[in-house]
**Q** 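Quick one: the structure is below, and I'll ask about it shortly.
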Amino acid sequence: MHNINYIRENPVEFDNFMKSRGEKSVSQKIIDLDKEKREAQTALQNLLAERNQLSKTIGKLKGEKKDASQEMVQVDELKNKINAIKELEVIKNDELSAILSRLPNIPDSSTPIGANEEENVFYRDWGDKPFFDFDPKQHFEIGENANLMNFETATKLSGSRFVILKGQLSKLERAIANFMIDKHTSENGYVELHVPYLVKADTLYGTGQLPKFADDLFTAGDDHWLIPTAEIPLTALHSNEILNINQLPMRVTSYTPCFRSEAGAAGKDTRGMLRQHQFTKVELVSLVEPDHSKDELERMLSCAEGILKDLNLHYRVMTLCTGDMGFNANKTYDIEVWLPGENKYREISSCSNCGDFQARRMNTRYKKDEKNIHIHTLNGSGLAVGRTLIAVLENYQTADGNVIIPDALKKYFDNQDTLF
RNA sequence: GGAGAGAUGGCUGAGCGGUUGAAAGCACCGGUCUUGAAAACCGGCAAGGUGGCAACACCUUCCAGAGUUCGAAUCUCUGUCUCUCCGCCA
């Protein structure tokens, strides 16, 4: 949610920012509505003040056993005016928040301007593409050949975009998740939380998924929505609270399933387990003071990269351009891991600074020098577990269809050398 | 699922339909005292918004939403949540 005062004072700049994110110019409409709302509000408040004053007088008169009928008639007349103008105020306010709640965050000055993913900017990379003296297979070929990755049965149970992992692959999924959580909690200062997978609409509004992206979510009825990422419960932990400064920075992590309808992705990545309705992810969330969020984004990125380094998986980091960046973010780094089977880089993590955008929506502040200031929120995958599993399979595969277990994961496999 | 009780400021906890935005205590902040600290004493201490250059004035908020009333923390209805007992259950 945007600071209305900022829009009022910098309408042209605001429109330019929105344009860079593919939005139309709306500042004039916003300013007009805001003005109308405030005018109605002021008029309403004056009437209410008048009513309160009269009611007090009535109270006093009645206390003295005097006649108050004249004042009572006056209040009665005020009521109609009050109701009419209140209605107007509500309408204007609703119109205003309908617009504001659907506008994306303002990009950071270091976010490159661009129309779409083609214009994302290379930031850095690490490691090298592995060499194979055979044709590397894709992850689903490896998994299906081992009879440990089953899409057909999953489809029978649940429809498209689900998978069943069996035996060593199911164990690999667990091992990867444990490895990530263990590292983030022991080395990176994150506190592990086990959180609800169902949240209320209010919560999703606060983190920016609603009202605009309802189509991307699964509902479970009765104001219960399945989380598309643990970012939601983790970020919203302190909604409607004023934090003490010594609670910041707050770094939390959670390993959860994520549920996404993939509404706009029909026909995309249908083969394999790259894009599923349900997948697991280890999420990192930081709540920080405004001055620290830029540094925190770099720190978070490094924490996510650390996982891939430990697994010795080659990757590159891209800075997303304005046109490709998500709704909440003012700056986003995507980490793309190399998948030799597919011969492509694929997103495995996305680390975003949301500034005070979510904090405004969910009303999370902290007290500093007697003032209440919105915090900054950041979130990042650390990492997507399913996609990490894919990367391990494809990068560590051998000619005979086996998979070498990365050193970092060996302790979760009784020091076995290969998976199968 | 059945029966009952409840939801008030950071916390505990008063509150007759009318100077109650809300007593008191704790916590916190400032001051006096002290070599320093504690104690004691004095003072301060909710949030959001509107108008105003400002001082300041006003509005809203006592779980949420509707209603009764000239006036609601206080009365009525609905919803949500919490607690206790019973039943069921991983």
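First the proteins, then the strands, lettered A, B, ... as listed; each starts at 1.
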**Q** Going by an N to O cut-off under 4.0 Å, is there a salt bridge joining A:D269 and A:R161?
**A** no
**Q** B:C81 C1' sits how many Å from A:D223 CG, rounded?
**A** 13 Å
**Q** Using atom P in both nucleotides, what's the gap between B:A27 and B:G18 to the nearest angstrom?
**A** 33 Å
**Q** Considering only the C1' atoms, how many Å lie between B:A22 and B:C81, rounded to the nearest integer?
**A** 24 Å
**Q** Please measure how far the P atom in B:A23 lies from the corresponding atom in B:G9, and state the result in whole Å.
**A** 12 Å
**Q** Partner lookup for B:C11, please. Criteria are Watson-Crick or G-U wobble with both distances under 3.5 angstrom; report none if nothing qualifies.
**A** B:G25
**Q** For a quick check of understanding: with a heavy-atom distance under 4.0 Å over all strands, which category does A:L48 fall into, base, sugar-phosphate or nothing?
**A** sugar-phosphate
**Q** Report the base-pairing partner of B:G36 (Watson-Crick or G-U wobble, both distances below 3.5 angstrom), or none.
**A** none
**Q** Let's see if you can work this out: which of B:C58, B:C70, B:G51 has an atom nearest to the side-chain heavy atoms of A:A49?
**A** B:C58
**Q** Heavy-atom nearest nucleotide on RNA chain B for A:I242 versus A:I58: which residue maps closer to 5'?
**A** A:I242
**Q** Can you tell me if A:R51 touches the phosphate of B:U60, counting only side-chain N or O atoms and a distance under 4.0 Å to OP1 or OP2?
**A** yes
**Q** A side-chain contact here means heavy atoms from C-beta on lying under 4.5 Å apart; do A:P211 and A:S101 qualify?
**A** yes
**Q** Between A:Q53 (CD) and B:C70 (P), how many Å, whole number?
**A** 18 Å
**Q** What integer number of Å spans the C1' atoms of B:G44 and B:U80?
**A** 37 Å
**Q** Can you tell me the pairing partner of B:U19 across any strand shown, Watson-Crick or G-U wobble, with both distances under 3.5 angstrom?
**A** none
**Q** Round to the nearest Å and state the distance from A:K35 atom NZ to B:U50 atom P.
**A** 15 Å
**Q** Once you apply the 3.5 Å cut-off to both distances, tell me the Watson-Crick or G-U wobble partner of B:A5, or none.
**A** B:U82
**Q** CE of A:M1 versus C1' of B:G48: gap in Å, rounded?
**A** 15 Å
**Q** May I ask which nucleotide in the shown strands pairs with B:G65, Watson-Crick or G-U wobble, both distances under 3.5 Å?
**A** B:C77
**Q** Distance check, P atoms only: B:G4 and B:U78, in whole angstrom units.
**A** 14 Å
**Q** If the C1' atom of B:U8 is compared with that of B:A14, how far apart are they to the nearest Å?
**A** 10 Å
**Q** From C-beta outward on A:R38, which listed nucleotide comes closest to its side chain: B:G71, B:A47, B:U50?
**A** B:U50
**Q** Nearest of B:G48, B:U60, B:U50 to any side-chain atom of A:N372?
**A** B:G48
**Q** On RNA chain B, check which nucleotide each of A:K200 and A:N52 is closest to and give me the residue with the more 5' one.
**A** A:N52
**Q** Record whether the side chain of A:Q45 comes under 3.5 Å of the base of B:G51 through a donor-acceptor pair of N or O atoms.
**A** no
**Q** Rounded to whole angstrom, note down the C1' distance from B:U60 over to B:G21.
**A** 11 Å
**Q** Can you check the A:L78 CG to B:C59 C1' distance for me, whole Å?
**A** 15 Å
**Q** Could you check which nucleotide pairs with B:C41 in any of the strands shown, counting Watson-Crick or G-U wobble with both distances under 3.5 Å?
**A** B:G31
**Q** Please check the phosphate of B:G71 (OP1 and OP2 only) for any side-chain N or O of A:K62 closer than 4.0 Å.
**A** no
**Q** Would you mind checking if A:K156 and A:E152 are paired as a salt bridge, meaning a charged N to carboxylate O distance below 4.0 Å?
**A** no
**Q** Taking any strand in view, what nucleotide pairs with B:G87 in a Watson-Crick or G-U wobble way, both distances under 3.5 Å?
**A** none
**Q** In whole angstrom, give the distance that lies between atom CG of A:L44 and atom C1' of B:U60.
**A** 10 Å
**Q** Quick one: are A:Y396 and A:L313 in side-chain contact, heavy atoms under 4.5 Å?
**A** yes
**Q** With a 3.5 angstrom cut-off on both distances, give the Watson-Crick or G-U wobble partner of B:U60, or none if there isn't one.
**A** B:A47
**Q** Need one value for A:K367: base, sugar-phosphate or nothing, where a base atom within 4.0 Å counts as base even if backbone is also close, heavy atoms only.
**A** sugar-phosphate
**Q** If you apply the rule side-chain contact (heavy atoms from CB on, under 4.5 Å), what do you find for A:R8 with A:I30, and how did you get there?
**A** CA-CA 8 Å; A:R8 225 186 286 169; A:I30 289 170; over 6 Å; no
**Q** CG of A:L243 versus P of B:A47: gap in Å, rounded?
**A** 14 Å
**Q** Please pick, from B:U50, B:G18, B:C59, the nucleotide with the shortest atom-to-atom distance to any side-chain atom of A:Q41.
**A** B:U50
**Q** Can you tell me, in whole Å, how much space there is between the C1' of B:C62 and that of B:A46?
**A** 11 Å
**Q** Using whole Å, what does the distance between atom P of nucleotide B:C63 and atom CG of A:D202 come to?
**A** 17 Å
**Q** How about A:Q247 and A:Y366: does a side-chain donor come under 3.5 Å of a side-chain acceptor?
**A** no
**Q** Please indicate whether A:K29 has more than 12 foreign heavy atoms, meaning atoms of other residues, nucleotides or ligands, lying under 6.0 Å from its NZ.
**A** no
**Q** Within 45° of the six-membered ring axis of A:Y205 and under 6.0 Å from that ring's centre, is NZ or CZ of A:R361 located there?
**A** yes
